[in-house]
Every structure is written in structure tokens, then in C-alpha cells.
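Take a look at the structure below.
Remember, it's a predicted structure, so these values are computed and weren't measured experimentally.
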Amino acid sequence: MPKAKSTLPIALDILVEAGDWPSRPRLKKIAEKVVTAANVALQLDLAGGAELSLAFTDDAHIRLLNRKFRKKDKPTNVLSFPGAPLKNGRMGPILGDVVLAEETVSREAAAGGLTLEAHLAHLILHGFLHILGYDHEDDGEAKLMEGLETAILGGLGIADPYSRQR
């Protein structure tokens, strides 16, 4: 029986720039699963031809981006760069870029006793939610964003990523 085509209305552009990541097809499969779940849960109103870029890189490159755009001279796990603003109440077509750092992501997964794929799914979702305008600068925003992450990941069979932190 042939596999059903993805109904994801968002084209994913996957770039593996640096780092020891899973294969590009595996990364795309993880990202499609996460972004599809977020799209369904949030009922996004997207412009035709919506596109999200995911760049998989290393600590050295993300450190440069973090220093340039956030004035923080250290690597981080994920950065998000929103694209085009709303047009006629719709998002896109260029949603933005999510950039992930392999060493930090791998280190965090190991320290948390998580599989790399589960942690990666969480961080792709986290970055995508930032693209969509969600943030965690104050307690109310954090509670909303963490609740969305927990619910969407739970629907994918991934445990609450914040349960260890509470």
C-alpha cells in the first residue's frame, strides 16, 4: 500500500550545514511530523506557498548568530528568525528560519535522558512557536507556550519536556 502524501501546507527547506545530525530525510520526517501537529493544533491561517526553513548547524555557527542577533556570546540550542509579517490576516508565505546547534542539542538530550529525536522534536516545535509569535519572556507567556509544547508533543507520544524542570 503506498504511503499517503503529507497534507502539510508548509514547504520545509532543510539545510544540514554542520554537525553530526541524523540523515537529511530523517530530519525532514521529524520536522514534518512536528510542524503538521502544530498546524493542526493551532489551526494556522497560512498564505499559499508557506515555507519554513530549518538549518542544522553546530555550536560555533549558532554562537555567531546568537552574538550578532541577541548580543549573547555563547551557543544555544535553537534560534528563530521570523519571516514575513501577516498579510491580510494570514501568515507567510515566508514563515522564517529555525536554526539548531548539534552539540548543544545532543548534550541536552543526553543530560536529560532523552532520545535525540524527542529532544529535537521539542526544539523544532519550540522554534516554530517562536516563528508564530509565541514567547516566554514572562510567566504568563511561558505558561502558554510550555502548555502548547506539552500538548502538541504529547499528541506525538513525546513526554512533557518541562516535567523534569517543575
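Between the OG1 atom of Thr150 and the CG atom of Leu125 there is a distance of 9.5 Å, given to the nearest 0.5 Å. In this structure, Thr104 OG1 and Asn77 CG are separated by 7.0 Å, a value rounded to the nearest 0.5 Å. Note that CD1 of Ile152 is 13.5 Å distant from NZ of Lys33, once rounded to the nearest 0.5 Å. Atom CD1 of residue Ile30 and atom CG of residue Leu156 lie 11.5 Å apart, to the nearest 0.5 angstrom. Expressed to the nearest 0.5 Å, how far CG of Leu148 lies from CG of Leu42 amounts to 5.5 Å.
The side chain to side chain donor-acceptor pair (under 3.5 Å) test applied to Asn66 returns Arg70, not counting sequence neighbours. With sequence neighbours excluded, the residues forming a side chain to side chain donor-acceptor pair (under 3.5 Å) with Glu149 are His122, His126, Tyr162, listed by chain and number. The side chain to side chain contact (heavy atoms under 4.5 Å, CB included) test applied to Ala60 returns Asp58, not counting sequence neighbours. Listed by chain and number, the residues in a ring-ring contact (aromatic ring centres under 6.0 Å, His included) with Phe56 are Trp21 (sequence neighbours excluded). Taking Lys143 as the reference, nothing meets the side chain to side chain contact (heavy atoms under 4.5 Å, CB included) condition, with sequence neighbours excluded. For Asp73, the side chain to side chain donor-acceptor pair (under 3.5 Å) partners at least two apart in sequence or on another chain are Arg63, Arg67. With sequence neighbours left out, the side chain to side chain contact (heavy atoms under 4.5 Å, CB included) criterion links Ala142 to His136, Glu146. Ser80 meets the side chain to side chain donor-acceptor pair (under 3.5 Å) test with no other residue; sequence neighbours excluded.
Clustering of Ile, Leu, Val, Met, Phe, Trp and Tyr by side-chain heavy atoms under 4.5 Å joins Leu64 with none of the others. Grouped by direct or indirect side-chain proximity (heavy atoms under 4.5 Å, Ile/Leu/Val/Met/Phe/Trp/Tyr only), Leu65 sits with Ile62, Phe69, Leu79, Phe81, Val99. When hydrophobic side chains of Ile, Leu, Val, Met, Phe, Trp and Tyr are connected at separations under 4.5 Å, Ile94 ends up as a singleton with no cluster partners.
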After noting the C-alpha distance and the side-chain angles of Ile124 and Leu54, does the key distance pass the side chain to side chain contact (heavy atoms under 4.5 Å, CB included) rule? CA-CA 8 Å; Ile124 290 169; Leu54 293 112; 3.8 Å; yes
Could you go through the side chain to side chain contact (heavy atoms under 4.5 Å, CB included) check for Thr76 and Val78 one step at a time? CA-CA 6 Å; Thr76 189; Val78 61; 6.0 Å; no
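A single hydrophobic cluster is seen to contain both Leu144 and Leu44, as judged by linkage of ILVMFWY side chains at heavy-atom distances under 4.5 Å, directly or through other members.
In this structure, the side chains of Pro22 and Leu116 come closer than 4.5 Å at one or more pairs of heavy atoms. Using a 4.5 Å heavy-atom cutoff, the side chains of Leu100 and Thr57 are not in contact.
Here salt bridge (charged side-chain N to carboxylate O under 4.0 Å, His left out) pairs that include residues 15-28, with residues two or more places apart or in two chains, are Arg26-Glu117.
Defined by atom type and a distance below 3.5 Å, a donor-acceptor pair is present between the side-chain atoms of Glu102 and Ser106.
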